[in-house]
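Structure first, then comments.
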Amino acid sequence: KESLSRNKRPAILVAVVLVFVLLSWGGMTDLNHYLRHYHPQIIATTKNININATVSSSSSPADKGQSIIPKKLDMQCPACRPHFQVALPDGNWTSATKFKRLYFYHARKAGGTNLRNYFEKVAAHHGLEFAVTEYFMAEDPGSYNESDMATLYVTNLREPVSRSISHFKYEGRWDCKQLIDNTSFVPTEENAEKLATWNQHYGHRLSSCRFSKGQPLFMMTQCAVNCYSQWFAGLSCPRWDPPENPGPKSRPIRREVPMTHQYEVAKTKLQRYNFIVITEMLRDPAYVDAVERLFGVPGVGERVVSPWCEVESHYANERVPLVIQNETLTNLTHLNKIDIGLYHEMKDCLDKGEGGYDFPAWDPNRFETNETIRVNYTTFARRPTRGYKKPQREWLKKFRNTQ
């Protein structure tokens, strides 16, 4: 009987897998059709990614007899185990190539403005090219290969509901342009948008995208729901199918990539970054020390730059305090459940350690310094913003003096 039972197991397993594939096929067919049509680069950069690939325990490729490291071991999240390995397009890693570029994806309203300034200073101090993306889709590690410019990838995450409420108070409650440009505008409860309607992927509205060269251009400036999944996947541009029953009053049918699929793409991409800053952890001096040791430059916790309308929005929210109803908070939490799960998958490994953070120290042997662009961090000055100048207001001067 035991032998018969063992013989049945492979057949049962095959049957279970077959049922799962058949049940999943319809949804995956729609997704793959959308990706092939609108985002062929996503197919190209994710189909071979091995999210379980890990870095070598040795920094010397000679120890392994090769420079490519394709080991299929469980790789801990880069928020807890940052490293100096270069991501390759096929999903593997290498230690044979030196970094020449530092890339920072600026996740909005998650402490990104000052982190952006810090990483620009890090790049300048070590003579690296610096690149940053905000609003648009995050760069996929291994996809940038201009002049073989190996890239160190860094980004930031903050608890999703807190991030969403902060974003609402910053530019979702009142329009930043009104707060800045309209000198006669007075923020009140009556002319404020409501947090209860801050419940869509693009803040108060559904996702929408412009087209560039015949392709949808993902650009998300305001976001209330599952923002990390959208920013890192870049797949929330809708597509429009012809109506089922064409007629004078018929409308195209809106189709969206399911958020669960966007989450999977985002998670795969995040696991390929070299380091993820968890914004809340910057309150911990030991964490700050570990990050500064990792990058060899002090000042990661400093607030030296204000976002575009931060002073104005702070003034408006102090003048008209936001009251959050329990029902609204519960609903916003429920809507962000996918991003909450993603955030905890990235962050919770930090809670398992007992004292200290297992971050490596900056390794100059892994970087190729460009002396022509190198600027010591002690003399680094952020590039001044050019162009538009804010109008001067007496009430803002008074407000700044009370900070």
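Quick note: numbers below take in every heavy atom, side chains included, and nothing from hydrogens, waters or symmetry partners.
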Considering only NZ, NE, NH1 and NH2 on the basic side and carboxylate oxygens on the acidic side, decide whether [X] and [Y] come within less than 4.0 Å.
| X | Y | result |
| --- | --- | --- |
| Arg116 | Glu134 | yes |
| Asp140 | Arg272 | no |
| Lys267 | Glu264 | no |
| Glu171 | Arg108 | yes |

Consider only side-chain N and O atoms of [X] and [Y], and report whether a donor and an acceptor are under 3.5 Å apart.
| X | Y | answer |
| --- | --- | --- |
| Arg101 | Thr151 | yes |
| Ser236 | Gln230 | yes |
| Glu310 | Tyr170 | no |
| Thr188 | Arg319 | no |
| Thr133 | Tyr103 | yes |
| Ser162 | Glu159 | yes |
| Ser164 | Trp198 | yes |
| Asn92 | Thr94 | no |

Given 3.5 Å as the limit, does a donor-acceptor pair link the side chain of [X] with the main chain of [Y], or not?
| X | Y | result |
| --- | --- | --- |
| Asn274 | Gln85 | yes |
| Asn191 | Pro187 | no |
| His204 | Thr197 | yes |
| Asn114 | Val305 | yes |
| Asn336 | Pro160 | no |
| Arg255 | Asp241 | no |
| Glu280 | Arg158 | no |
| Trp231 | Met219 | no |
| Asn226 | Leu335 | yes |
| Tyr118 | Val297 | yes |

Seminar exercise, completed: Per side-chain hydrogen bond (donor to acceptor under 3.5 Å, both in side chains), Arg173 is matched among Glu189, His167, Glu193 by Glu189

Seminar exercise, completed: Checking Phe130, Tyr377, Tyr153, Phe295 against Phe119 for ring-ring contact (aromatic ring centres under 6.0 Å, His included), the one that qualifies is Phe295

So [Y] and [X], do their side chains get closer than 4.5 Å, heavy atoms only?
| X | Y | result |
| --- | --- | --- |
| Leu270 | Thr155 | yes |
| Tyr343 | Ile278 | yes |
| Lys109 | Ile165 | no |
| Leu102 | Val122 | yes |
| Leu235 | His261 | no |
| Thr333 | Ile340 | yes |

Exercise. Relative to each other, are the rings of Tyr287 and Tyr357 parallel, tilted or perpendicular (30° and 60° limits)?
Worked result: perpendicular

Exercise. What class does the angle between the rings of Trp362 and Phe367 fall in, given that below 30° is parallel, 30 to 60° is tilted and above 60° is perpendicular?
Worked result: parallel

More than 12 non-hydrogen atoms from neighbouring residues, nucleotides or ligands closer than 6.0 Å to [atom1] on [X], yes or no?
| X | atom1 | result |
| --- | --- | --- |
| His344 | NE2 | yes |
| Lys194 | NZ | yes |
| Asn376 | CG | yes |

Exercise. Does Phe232 have Lys269 sitting over its ring (NZ/CZ under 6.0 Å from centre, angle to axis within 45°)?
Worked result: no

For this session: Check whether the ring centres of Tyr273 and Tyr105 lie less than 6.0 Å apart, and answer yes or no.
Result: no

Exercise. So, Cys176 with Cys309, SGs under 2.5 angstrom?
Worked result: yes

For this session: First locate atom CG of Asn317, then atom CH2 of Trp174, and finally report the distance between them rounded to the nearest 0.5 Å.
Result: 5.0 Å

Seminar exercise, completed: Rounded to the nearest 0.5 angstrom, the CD1-NE2 distance for Ile373 and His125 is 13.0 Å

Problem set entry | Gln262/Tyr228 under side chain to side chain donor-acceptor pair (under 3.5 Å): CA gap, chis, key distance, verdict | CA-CA 9 Å; Gln262 297 194 48; Tyr228 298 135; over 6 Å; no

